[in-house]
Amino acid sequence: MNYLEELNDVQREAVLSTEGPTQIIAGPGSGKTRVLTYRIAHLINIGVDPFSILALTFTNKAAENMRRRIESICGAKARGLFMGTFHSVFARVLRVEAPKMGYPPDFTIYDTDDSRSLIKSIIKERNLDDKIYKPALVQWRISAAKNSLITPDMYAADPDLRIEDERQRRPETSLLYKMYCDRCFKAGAMDFDDLLLNTHLILDKFPEVLYKYQHKFRYVLIDEFQDTNFVQYDIVRRIADVFHNITVVGDDAQSIYAFRGATIDNILHFTRDYPDCKVFKLEQNYRSTQVIVKAANELIHNNKNQLQKEIWTRNEKGEPIKIIKTPSDNDEGRWVTDSILELCMRDHYRYSDFAILYRTNAQSRAFEEALRRHNVPYRIYGGMSFYQRKEIKDYLAYLKLTINPHDEEALKRIINYPARGIGQTTIDKITITAVNENKSMWDVIANIRAYNVAPRTLNAIEEFALMINSFRALLSKMNAYDLALHIGKTTKLIAELYSDKTVEGVNRYENVQELLNSIKEFTEDDEVTSDDALPADKGLGAFLQNVALLTGDEKEKSNTDTVKLMTVHAAKGLEFPVVYVVGLEENLFPSMQSLYSAEDLEEERRLFYVAITRAEKKLFLTYANTRYRNGQLHFSEPSRFIDEIPRELTNYAGIAADKNYGPAVPSWRNSTPPRANTSHTSSARTHTPPAEGPFTADDPALLQAGMEVFHEKFGEGKIIAIEGAGTNRIAAVQFADLGIKKIMLKFARLKIIRSGV
DNA sequence: GTGGGATCGGTTTTT
DNA sequence: CCGATCCCAC
């Protein structure tokens with residue numbers, strides 16, 4: 001078995017000792033994925049039935065990647081292996097088992113948007129103020145409860161939670177939680193958390209189900225164990241409770257999902273639950289230069305809450321880490337682009353060797369613009385995923401409704417799209433009736449004649465119900481693709497998009513075609529991993545089951561020689577020869593909300609640790625002096641994380657000084673940074689703005705930076721009138737060559753409301 | 001009930 | 001800057 005020869009001693013041991021509980025602590029670049037894949041491949045090679053192996057990963061990408069690697073070693077033998085994300089694997093289990101809890105086998109999966117929108121409508125129905133009951137917060141609280149295995153009843157009974165909710169002026173949260181669960185259930189829908197919670201509940205309540213999976217999955221392996229939450233660990237622990245062949249792979253230093261309920265405690269609990277477990281520590285780094293490895297070690301030592309571990313490497317020393325300060329976010333984009341072009345020319349790097357990593361998705365803009373200007377091909381990962389686009393969600397809503405007409409979110413989305421004369425008032429009435437009669441909205445619609453409805457509306461609703469029912473009748477007669485196409489045509493959805501010839505419209509049409517393609521692929525894909533316990537299904541229903549769990553960007557586009565842009569979170573598990581970690585500013589990375597708690601700050605530090613350890617050869621850290629965030633100009637201080645890297649590993653000098661990007665070391669490093677002045681807003685009511693100069697800020701630095709952006713965007717201009725008071729004010733600006741434009745001033749930010757004279 | 005314009009408000013990270 | 005929402009004229 002030649003694959004074993006590629007491994008070092010620890011790695012080989014970790015691959016070969018297949019039996020019993022095993023913990024593999026694997027630092028960045030230590031060949032973690034390799035060990036995990038080889039371990040699975042090895043299991044198959046020594047004769048373990050792939051059907052009895054359960055491998056859980058954190059992302060679809062990781063699962064796919066690993067499956068490919070295993071198949072390249074084992075070939076067809078690897079078929080039938082149970083591998084996927086927690087959510088996708090247990091969604092499959094629930095398709096079989098959830099009817100025991102009263103869910104339909106074709107239950108819908110609500111994504112974050114669906115679930116938020118449902119919460120929103122419940123808040124509205126209860127006549128609560130959505131300024132206080134912010135849907136996102138309520139959703140977060142419900143999610144946290146589910147992840148801690150707290151049911152609505154337990155929530156209501158818990159005095160601590162009640163006190164906390166009352167303190168936050170949201171006493172009805174408990175009730176909302178209950179209503180939310182009821183509504184999901186009635187809609188035949190589960191949200192992401194339900195997939196885990198319900199799996200747990202079923203294993204808990206139905207011993208025969210637990211027995212079945214305990215004996216089916218003789219080997220359980222979990223990747224990115226540090227990112228699992230309480231429920232996830234609980235589920236796998238139960239499943240592995242008979243054979244004890246449970247392997248967890250992870251690195252506490254790379255735990256970056258605590259905000260989502262992941263807990264490092266799982267690592268500690270694991271050694272407590274399996275005191276006899278074997279532990280392997282993979283500390284040799286094969287990825288990065290000594291400089292990068294050293295920087296990473298030094299950085300992470302600032303965290304108190306960390307298992308002792310030190311990564312090391314035999315790789316070359318490497319270049320110092322370059323630290324670059326730019327005047328603005330746009331300059332940052334330009335500088336990085338220049339740097340990429342230079343390295344391509346001088347050192348013959350390819351575009352695909354570069355990654356630009358940022359803290360928030362919103363930061364991608366400046367880089368996109370600069371890269372596009374220089375015709376550098378790039379690809380953005382994450383952000384708005386394919387399946388979150390409006391046109392896709394609309395289309396999918398029809399498909400979902402066909403499968404499960406009780407799906408409330410799908411129904412509300414398309415009941416009047418394309419417009420068919422069913423307005424908001426009617427929809428509200430239906431909702432209220434449904435709630436009052438304890439039915440789903442579909443029950444009301446399908447039986448609309450029983451209610452007193454104006455003839456015109458009644459007609460529209462009946463036609464709608466008839467259409468959906470006609471689709472349902474075809475379910476057993478057509479394959480997924482034909483039916484989807486038929487639905488698109490009948491509803492005029494495709495025609496509507498086709499007629500839109502704007503750039504966005506064409507794009508939307510193409511997206512829908514893309515969706516249809518993927519349905520076709522799904523229909524024709526015959527790689528069946530059939531199994532009596534969990535039969536594979538190729539119908540429209542099965543397609544939809546998967547769709548909610550996909551992030552959609554998995555499909556590689558034709559051109560792969562592209563610069564990659566993504567958040568640090570999305571970069572986990574990846575590596576690149578050259579990495580730019582950008583936007584390294586206090587309040588951004590580390591993020592503003594992490595600065596109040598030590599734990600959160602440590603998570604940010606781990607995130608930065610993940611970011612820099614993606615780099616193989618060259619690492620650049622950049623930050624911008626000024627940046628627009630929610631339309632406001634912000635001055636920034638360099639991130640504290642920059643200071644935590646030993647000076648001898650870094651190079652601040654020569655930073656593009658020849659290109660006028662400004663001095664490398666910030667001038668206010670040890671003094672008070674200038675702050676955006678907001679005092680003028682409060683006095684704005686009585687203050688008449690001066691007749692000239694677009695800014696009333698009295699901070700000269702702010703004025704200066706503001707003017708720069710202003711001129712860059714609009715050229716020379718002069719304010720001739722301002723109306724309004726408060727934060728938003730409309731200014732008429734006279735431009736030398738463009739006439740007069742109306743511009744909205746928001747604090748110091750300019751927004752065009754209307755262009756032209 | 002529809003559609004357009006004005007206005008307001010807001011931001012981490014993801015399955 | 002862009003999406004959600006409000007308001008108003010058809």
Side-chain angles (χ1 to χ4, degrees), chain A residues 56-63 84-91 109-113 115 117 120 124 130-131 134-136 140 143 147 190-196 224 227-229 231-232 255-262 357-363 365 381-385 387-388 390 416-427 454 456-457 460 546 548-553 566-572 583 587-594 600 603-604 606-608 610-611 628-632 634 713 724 726-730 742 744 746-747 749-754:
Chain A
L56 295 164
T57 61
F58 195 65
T59 62
N60 293 304
K61 201 162 51 177
T85 62
F86 274 90
H87 295 269
S88 70
V89 165
F90 293 119
I109 297 173
Y110 278 173
D111 67 16
T112 317
D113 294 337
S115 114
S117 125
K120 210 171 179 180
K124 250 213 189 104
D130 64 1
K131 298 266 158 41
K134 287 190 180 155
W140 192 83
S143 170
N147 283 320
M190 296 193 199
D191 65 18
F192 287 147
D193 301 315
D194 288 330
L195 295 176
L196 303 174
E224 307 284 11
D227 291 327
T228 53
N229 64 30
V231 193
Q232 289 169 321
S255 153
I256 55 176
Y257 283 97
F259 72 91
R260 204 173 103 184
L357 308 182
Y358 34 75
R359 178 67 237 267
T360 67
N361 281 309
Q363 284 166 255
R365 202 212 77 250
Y381 290 78
M384 167 87 88
S385 95
Y387 293 103
Q388 284 175 358
K390 182 189 176 316
N416 198 32
Y417 178 81
R420 54 174 68 88
I422 306 175
Q424 197 52 51
T425 348
T426 312
I427 297 171
R456 190 207 286 235
T457 317
N546 285 320
L549 300 171
L550 293 179
T551 38
D553 293 304
M566 66 190 88
T567 63
V568 180
H569 282 91
K572 197 161 74 150
N587 294 336
L588 182 58
F589 196 174
S591 100
M592 185 123 61
Q593 29 265 302
S594 74
D600 288 352
E603 175 150 319
E604 294 284 313
R606 291 193 295 267
L607 195 57
F608 187 58
V610 169
Y628 277 109
R629 287 219 270 162
N630 356 316
Q632 281 180 65
H634 287 261
K713 267 207 145 98
T727 55
N728 305 319
R729 288 185 262 167
I730 299 185
K742 271 194 175 179
M744 178 145 88
K746 221 174 176 186
F747 290 100
R749 169 60 161 170
L750 307 164
K751 180 193 176 181
I752 304 177
I753 291 215
R754 191 177 290 141

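These numbers come from the heavy atoms of this one structure, side chains and all, not from hydrogens, waters or symmetry mates. Throughout, protein chains are lettered first and strands after them, A, B, ... in sequence-line order, and every chain is numbered starting at 1.
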Taking the six-membered ring for Trp, are Phe86(A) and Phe58(A) ring centroids under 6.0 Å apart? no
Length of the [atom1]-[atom2] vector between [X] and [N], whole Å:
X	N	atom1	atom2	result
Met566(A)	dT13(B)	CE	C1'	14 Å
Phe58(A)	dT14(B)	CZ	C1'	7 Å
Asn361(A)	dT13(B)	CG	P	5 Å
Trp140(A)	dT15(B)	CH2	P	19 Å
Asn416(A)	dG3(B)	CG	C1'	12 Å

Taking only the side-chain nitrogens and oxygens of [X], find out if one of them lies under 4.0 Å from OP1 or OP2 of [N].
X	N	answer
Thr567(A)	dT14(B)	yes
Ser591(A)	dT13(B)	no
Thr59(A)	dT14(B)	no

Detail all sub-3.5 Å separations between protein N/O atoms and N/O atoms belonging to nucleotides 4-8 of chain C.
| unit_1 | atom_1 | unit_2 | atom_2 | d |
| --- | --- | --- | --- | --- |
| dT5(C) | OP1 | Lys120(A) | NZ | 2.9 |

Set of residues satisfying ring-ring contact (aromatic ring centres under 6.0 Å, His included) with respect to His87(A), sequence neighbours excluded: Phe192(A)
Would you say Asn416(A)'s side chain and Gly421(A)'s backbone share a donor-acceptor pair under 3.5 angstrom? yes
